[in-house]
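The structure appears below as structure tokens.
Note that the structure is a prediction, hence the values are computed from the model and not measured. Note that these values count all heavy atoms, side chains included, but never hydrogens, waters or copies made by symmetry.
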Amino acid sequence: MGAGCSSSSSFSLSLSLPNHRPLSSSSSPLHHPKSPSNLIIISPSSNHTFYSHKSFPKSSMTSSPKSISDPHSIDSTLLQNLVHDSLVWSSLHGLVVGDRNVERSGLVPGVGLVHAPIALLPNSFPEVQWNQACELAPIFNELVDRVSLDGKFLQDTLSRTKKVDVFTSRLLDIHSQMLQIGKKEDIRLGLHRSDYMLDEKTNLLLQIELNTISCSFSGLGCLVSKLHRSLLSHYGKPLGLDSQKVPINDSASKFADALAKAWTEYSNPSAVVMVVVQPGERNMYDQHWLSSTLKERYPFSHNPELINTHNVTSIRKTLAEIDAQGKILSDGTLQVDGETVAVIYFRAGYAPTDYPSESEWKARLLIEESSAIKCPSISYHLTGTKKVQQELAKPSVLERFLENKDDIAKLRKCFAGLWSLDDSDAVKNAIQEPGAYVMKPQREGGGNNIYGDDVKETLLRLQKEGSEEEAAYILMQRIFPTVFPTVLVRDGICYKEHAVSELGIFSAYLRNKDMVISNEQCGYLMRTKVSSSNEGGVAAGFAVLDSLYLT
């Protein structure tokens, strides 16, 4: 497919950039109609000119670089070469996803591949706020762990939601069963991602959400950073950019190391890491990057009996397959299809659609009852819900879980406004100024939030009906980040757009009883979407993968 560039931006997308979801089968919002008037077709590879620093067109060298401040002004020949090289690099380095137009692309690896949707150049981001986000990661990890141990807090916080939200209710039922039998997770592994936007008006870094299950794009996200560093190393002079200002992103290797360390703590060299996946997963390559890295990297075992821990084996199973093939031995060991499972890494199970029958719920319960290390456990999963996020933002609640006053202050500084729908003042304000708020249900996966006039209409309807449905939602301050010009590339075609971005910080936490083995920031994910959009999931077709250029 030829690559081209369009300046059209006549579609709209949503404000919560989701953290995980299968590729949408619907047409992509970035897939503009093709016509000679809005496309610049990239020259065939045989005619592609790779410029040396001395041979770039004068038009690209005559003024101070505009690629970050105004990439729309990049010389057309230079732009063609940038797009061409980015597509070649992506194909050669595995920056790919399944092609939604190929039926078997989500079923058979290597069939129906297309480059991942990307921003052509990295996004300018203040280094001060970048450092702040990185510093917050281990504090949030510790908070998640502390909250997960307080079963009463989780049950009480979500008790009203349980009455009106069937999905949350089923999760709470499993959690309640674990509390009743006194099930304890001595070894606790969390692979998290905290998402932020930089509010233009206040210049504050504000948290969108904290994801504790199925945090996607640790594999492909780090590749985008490598792509941008590669492009800037070749084209940095005419662009006026320094490749070293794109932070190195080791998210795949650091997540793999965390999984390997957890596997080591399980102390069974013959056990496997099981990745729980959705059937027909077109985002499988992001997951395969992690599994491949896990297999190849040494997990730095401190156990002298497990020195040779290369080639940690991973298997991929759907929840339905786990129900059909799984069993728990008398000592609590989980076996699936004859394999002993040491660590369970969820890349599914976060949405109601992942549980189409009782079979999937039976599998989730089986997993929780076992002695395998869960990433996440049911308590970690519930800690990441929107209602818990809102509850933690209340005065004096953080003090229930953390002692360090400086850490508490750092967390509070990044909290956006969060309110329960039983806060009459907040509801009144939201009805009067609906554009300043977002209504969020207890859902992951995007496409569920309510914006604009729909906020007002929904709140008025709930008031009129007087039902308890309001407990299924929280109100959140709507964040308005800076809009900037960018070039987005999807399906081999580039588009000049005005966009906004969201920064996600990956982190890992591993604890064995009283010993914290790992608590660290693990790289990042930058997602960019058209500014007229509300929704913004990459795999759902709303956004593109991006990286940072520190300023």
### Message
How close do Trp130 and Phe125 get, counting heavy atoms only, and between which atoms?
### Response
N-CE2, 3.6 Å

### Query
Within a reach of under 6.0 Å around CZ of Arg412, are more than 12 heavy atoms found that belong to other residues, nucleotides or ligands?
yes

### Task
For the pair Ser501 and Thr528, evaluate side-chain hydrogen bond (donor to acceptor under 3.5 Å, both in side chains) and give the outcome as yes or no after the intermediate values.
CA-CA 4 Å; Ser501 288; Thr528 293; 2.5 Å; yes

### Message
Within this structure, what is the CG-CD distance for the pair Leu503 and Gln207, rounded to the nearest 0.5 Å?
### Response
11.5 Å

### Salt-bridge present (Lys237, Asp242; N to O < 4.0 Å)
no

## Note on the structure
Shortest non-hydrogen pair, Ala416 vs Met476, comes out as CB-CE, 3.8 Å

### Query
Which atoms form the tightest heavy-atom contact between Gly349 and Asp354, and what is the distance?
N-OD2, 2.8 Å

## Note on the structure
residues 128-141 vs salt bridge (Lys or Arg N to Asp or Glu O under 4.0 Å), sequence neighbours excluded, gives Glu135-Lys410

#### Entry: Distance (rounded to the nearest 0.5 Å) between Asp286 CG and Leu220 CG
4.5 Å

### Query
So which heavy atom on Leu241 is nearest to which on Tyr549, and how close?
CA-OH, 3.5 Å

### Message
Quick check: closest heavy atoms across Ala252 and Gly219, and the distance to 0.1 Å?
### Response
CB-CA, 4.1 Å

Could you tabulate the donor-acceptor pairs under 3.5 Å formed by side-chain atoms of residues 86-98, not counting sequence neighbours?
{"unit_1": "Ser86", "atom_1": "OG", "unit_2": "Leu82", "atom_2": "O", "d": "3.3"}
{"unit_1": "Ser86", "atom_1": "OG", "unit_2": "Val83", "atom_2": "O", "d": "2.7"}
{"unit_1": "Ser90", "atom_1": "OG", "unit_2": "Ser86", "atom_2": "O", "d": "2.8"}
{"unit_1": "Ser91", "atom_1": "OG", "unit_2": "Leu87", "atom_2": "O", "d": "2.9"}
{"unit_1": "His93", "atom_1": "ND1", "unit_2": "Trp89", "atom_2": "O", "d": "2.9"}

### Message
Using 0.5 Å steps for rounding, measure from the OH atom of Tyr524 to the CD1 atom of Ile248.
### Response
10.0 Å

### Task
Could you tell me whether Asp195 and Arg193 have a side-chain N and a carboxylate O separated by less than 4.0 Å?
yes

### Task
Tell me, with the steps shown, if His228 and Ser547 meet side-chain hydrogen bond (donor to acceptor under 3.5 Å, both in side chains).
CA-CA 7 Å; His228 285 163; Ser547 70; 2.5 Å; yes

### Query
Taking atom CG of Asp423 and atom CD of Gln390, what is their separation to the nearest 0.5 Å?
8.5 Å

### Asp250 CG to Thr293 OG1 distance, which is reported to the nearest 0.5 Å
10.5 Å

#### Entry: is_close_aromatic(His192, Tyr380), centroid dist under 6.0 Å
yes

### Query
With under 30° as parallel and over 60° as perpendicular, where do the rings of Phe415 and Phe140 fit, or are they tilted in between?
tilted

### Task
Identify the heavy atoms of Asn249 and Gly221 that sit nearest to each other, and give their distance.
ND2-O, 3.5 Å

